[in-house]
Amino acid sequence: MRASVTAVAESAWEDDVALLGALRDGDAEAFEFLVRHHSPRLLSAARRLLGNEQDAQDALQEAFLAALAALDGFRGEARLSTWLHRILVNACLMRLRGRSRRAEQPIEDLLPRFLEDGHHAVCPSRWQPSAEALVERREIREFVRGCIDQLPESHRTVLLLRDIEDLDTAETARLLGIDEGAVKTRLHRARQALRSLLEPRLRRGFA
C-alpha cells in the first residue's frame, strides 16, 4: 500500500457507497484499494473456473477493467463484491468459449450404471465423511479437482457455477444462455458423474 493511502480513506472505502463515489470521481487510490481488497477472492474463483493460472490472472485483469468501464451503470441492486464476481464469471466464461474444444468423454460414460430392476450395478459407498468435508480436506483437493476437470465442459461449468460459485439457477441460465430446465438437468447429471469418478477413491478411503 502506498503511503498516500491513509488509514482514514481505507476505513471509509470499506463502505460500498463511499468507494463507488471515489471510483466514479476517478480516484486512482480507490481503484488500487478495490483491486487489492477483492483480488484474492476473485482470483480464487477464476482459478476454479479456468484451471490455469495465467488465464485466471488475465481474466481477473479483464474483470477489473470491465468493472471500471461499467461503473456508471451499476445501480447498487447487489453488493459491490457480488457485482464484481458476476463480471469475473463473465470474463472466465468468455475465455472458456474461446478455447479450442478438447476431446471429451460423453457424460453418459461417467454416469452410474443401473441394472434392469433399477438397482445400482455397483452399490455406491457411503460418503464418510460427507462430500463437503472431503472437498475441504487439503490432501484430496487436487484429486477432486481432477475429477471435476474430467466432466464435459457443458456439465463442468454448470457444476462449478452452481455448487462452487454458489450462483442460483436463474443466474447460471442467463450467463450460459440456456434455460433453467437445462441447468437443472446438467447439474444433476454432473453431480452423478462426479460421484462415479470419486467412487473408486471413496472405496479405498482418503486417509
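Hydrogens, waters and symmetry mates are skipped; everything else that's a heavy atom, side chains included, is used.
Interatomic distance, CG of L159 versus CZ of R189, reported as 14.0 Å (0.5 Å rounding). Taking CZ of F64 as the start and CG of L42 as the end, the distance is 5.0 Å to the nearest 0.5 Å. We find the OG1-NE2 distance between T185 and H155 to be 8.5 Å, quoted to the nearest 0.5 Å. For the atom pair CG (L49) and CD (E165), the distance works out to 5.0 Å, reported to the nearest 0.5 Å. In this structure, CG on L34 lies 8.0 Å from OG on S39, to the nearest 0.5 angstrom. We find the CG-CD1 distance between L60 and I87 to be 11.5 Å, quoted to the nearest 0.5 Å.
Side-chain contact between L68 and L71 is present, with at least one heavy-atom pair separated by less than 4.5 Å. Within the 4.5 Å cutoff, no side-chain heavy atoms of I178 are placed close to those of T172. A 4.5 Å side-chain heavy-atom check between Q150 and R156 finds every atom pair outside the cut-off. Using a 4.5 Å cut-off on side-chain heavy atoms (C-beta onward), H85 and L167 make contact.
I164 and L197 fall within a single hydrophobic cluster, where Ile, Leu, Val, Met, Phe, Trp and Tyr side chains are chained together by heavy-atom contacts under 4.5 Å.
Counting only distance, with no hydrogens or angles, the side chain of S44 and the backbone of P40 share a donor-acceptor pair below 3.5 Å. When atom types are taken as modelled, the side chain of D16 and the backbone of L80 share a donor-acceptor pair closer than 3.5 angstrom. Panel note: side chain R162, backbone D168; no donor-acceptor pair is recorded below 3.5 Å. A donor-acceptor pair under 3.5 Å links the side-chain atoms of D15 to the main chain of V17, judged by distance alone.
Listed here is the closest heavy atom pair of L151 and A190: CD1-O, 4.1 Å. A67 approaches L84 most closely through the heavy-atom pair CB-CD2, 3.6 Å. Counting all heavy atoms, side chain and backbone alike, H38 lies closest to S81 at CE1-CB, 3.8 Å. Closest approach of C147 and L194 over heavy atoms only: CB-CD1, 3.7 Å. Across all their heavy atoms, C92 and L50 have their closest contact at O-CD2, 3.6 Å.
Q61 and Q57 share no donor-acceptor pair across their side chains, judged by distance under 3.5 Å alone.
In terms of the ring pair (Phe, Tyr, Trp, His ring centres under 6.0 Å) criterion, H188 has no residue partners (sequence neighbours excluded). F31 pairs by the ring pair (Phe, Tyr, Trp, His ring centres under 6.0 Å) definition with nothing, not counting sequence neighbours.
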Can you list the steps and then say if N90 with M94 is a side chain to side chain contact (heavy atoms under 4.5 Å, CB included)? CA-CA 6 Å; N90 265 315; M94 289 181 65; 5.5 Å; no

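A salt bridge does not link D55 to R47: none of the charged side-chain nitrogens sits closer than 4.0 Å to a carboxylate oxygen.
Counting only residues at least two apart or on different chains, the salt bridge (Lys or Arg N to Asp or Glu O under 4.0 Å) pairs with a member in residues 61-76 are E62-R95.
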